[in-house]
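Since the structure comes first, as structure tokens, the remarks are kept for the end.
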Amino acid sequence: MPELPEVETVRRGLSDSVVGARIESARVRHPRAIRRHELGRRDFVDRVAGYEILAVRRRGKFLWWQLAADDQPQLALIAHLGMSGQFRLTDKQRVVDRHARATFRLADTRTVVFRDQRTFGWLRLDDWDGDGVPEPVRHIGLDPFDPAYDQKQVAIGMARSESGIKRLLLSQNLVSGVGNIYADEALWRAQVHPETSGSSLAEEGCRRVLDQVAAVMTAALDAGGTSFDPLYVSVNGESGWFDRSLDAYGREGLPCRRCGHAILRERFTNRSSHRCPECQPAPFV
DNA sequence: CCAACTACCTGTTAGC
DNA sequence: TGCTAACAGGTAGTTG
């Protein structure tokens, strides 16, 4: 499941390989991939052709290609990888891939393939002048790697909420880029129970959690950036993923690496939370 | 406005 | 062996 470190790895891989290239043509192979592009498939395909890729940018888990063409409005091709989205580059003329949802033929004859087994990911095209972020990304909070990220302000915002800290981390509202895996990892590192309210943690407690969010994401990015193909980020624990160094997520029943107690898995809003019952005890309510 | 719930998907695995 | 059910979970839309 791509969270911020994985999306950033994809961004770097794309940036290294496609910046400066021109999109000759596009194909949409599955209508669901462009369900968020309001003007539909024909508009998407027609409009993107001929544009040059100036840069690949990211906020949280949202990724976008900055596009420009002579005498044409500037555009952003926005991508969200959802659960299983990937970009691949190929020199092949024909893309034989049952999960390929859209393809972009470049003028140099390479093809960028957007593939997505579970189809939670999407692409859309929007006018964007290059300032700030495109409209569909505007509701997303800054992520911990953004130069303008202000951890103190995020901690203050969290401390104002009665919601549980894990919910706050996952909301993409105050801070973006955190998914279920890194939320569990950061809370394990900070020794905080996921249902502890922001207000009871107070600014200082929230700051300690956010320190660990940044630390675990930096570690994952360091691991990811060197150990696998950025244009083929694995979906779920395939080759060389960061899960080797996970301390909580997916470790139900295994001994806590800090105290030896068995890690618990609990239901949390239709998904799983992993925690150590000893290091992260339930808060007083 | 905020919080909580659910639909959207499909490949894999567990269980009978 | 073959079938069914559970599971993985980010986002956006809906409901309260």
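We name chains A, B, ... by the order of the sequence lines, and we start the count at 1 in each one.
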Rounding to the nearest 10°, end axes of the helix from dC2(B)-dG16(C) to dC16(B)-dG2(C) built from five pairs each make an angle of 50°
Side chain proximity check, Gln191(A) to Arg208(A), heavy atoms < 4.5 angstrom: no
Against the side chain of Met83(A), the closest entry in dC7(C), dG10(C), dA12(C) is dG10(C)
To the nearest Å, give me how far apart CD1 (Ile181(A)) and P (dG10(C)) are. 8 Å
In Val7(A), Ile140(A), Val133(A), Asp143(A), the residue satisfying side chain to side chain contact (heavy atoms under 4.5 Å, CB included) with Phe62(A) is Ile140(A)
Ranking dC7(C), dA4(B), dC8(B) by distance to the side chain of Arg32(A), first place goes to dC8(B)
Do Leu187(A) and Lys166(A) have side chains that approach each other closer than 4.5 Å (heavy atoms only, starting at C-beta)? yes
Is the cationic atom of Arg257(A) (NZ for Lys, CZ for Arg) positioned less than 6.0 Å from the six-membered ring centroid of Trp188(A) and within 45 degrees of its normal? no
Length of the CG-P vector between Leu169(A) and dG10(C), whole Å: 12 Å
Atom CG of Asp184(A) and atom C1' of dG9(C): how far apart are they, to the nearest Å? 12 Å
Counting just side-chain N and O atoms, does His80(A) come under 4.0 Å of either OP1 or OP2 of dG10(C)? no
Between CZ of Arg160(A) and P of dC2(B) the distance, given in whole Å, is 11 Å
Let's see if you can work this out: which of dA4(B), dG9(C), dG13(C) has an atom nearest to the side-chain heavy atoms of Ser163(A)? dA4(B)
Let me know the distance between NZ of Lys166(A) and C1' of dA4(B), rounded to the nearest Å. 16 Å
Taking the side chain as every heavy atom from C-beta outward, state whether Arg88(A) and Arg115(A) have any atom pair closer than 4.5 Å. yes
Are Trp64(A) and Leu14(A) joined in one hydrophobic group, where the rule is that I, L, V, M, F, W and Y side chains link up if heavy atoms are under 4.5 Å apart? no
Base, backbone or nothing for each nucleotide of nucleotides 10-15 of chain B, written B, S, -, heavy atoms under 4.0 angstrom, 5' to 3'? BS----
Would Leu4(A) end up clustered with Tyr149(A) when hydrophobic side chains under 4.5 Å apart are linked, directly or stepwise? yes
Are Gln117(A) and Gln86(A) close enough that some pair of their side-chain heavy atoms sits under 4.5 Å apart? no
Decide whether Phe114(A) and Val10(A) are clustered together by the hydrophobic rule: side chain heavy atoms of Ile, Leu, Val, Met, Phe, Trp, Tyr closer than 4.5 Å, transitively. yes
Could you tell me whether Glu162(A) contacts a base, only the sugar-phosphate backbone, or nothing, with contacts defined as non-hydrogen atoms closer than 4.0 Å? nothing
If the cut-off is 4.0 Å, is Gln172(A) near the phosphate of dT11(C), judged by side-chain N/O to OP1 or OP2? yes
Side chain of Asn270(A): nearest nucleotide among dA12(C), dT6(B), dG10(C)? dT6(B)
If the cut-off is 4.0 Å, is Ser171(A) near the phosphate of dG10(C), judged by side-chain N/O to OP1 or OP2? no
Heavy atoms only, 4.0 Å cut-off, all strands: where does Ser272(A) land among base, sugar-phosphate and nothing? sugar-phosphate
Could you tell me how far apart Phe120(A) (CZ) and dC9(B) (P) are, to the nearest whole angstrom? 8 Å
When the distance from CZ of Arg36(A) to P of dC9(B) is rounded to whole Å, what number comes out? 12 Å
Whole-Å distance separating the CG atom of Asn180(A) from the C1' atom of dT11(C): 14 Å
Which part of the nucleic acid, if any, lies within contact of Phe62(A), taking any heavy atom under 4.0 Å across all strands shown: a base, the sugar-phosphate backbone alone, or nothing? sugar-phosphate
Arg167(A) has its side chain closest, among dA3(B), dA8(C), dA4(B), to dA4(B)
Any side-chain heavy-atom pair from Trp128(A) and Arg57(A) closer than 4.5 angstrom? yes
Between dG10(C), dG9(C), dA4(B), which nucleotide has the shortest distance from any of its atoms to the side chain of Leu170(A)? dG10(C)
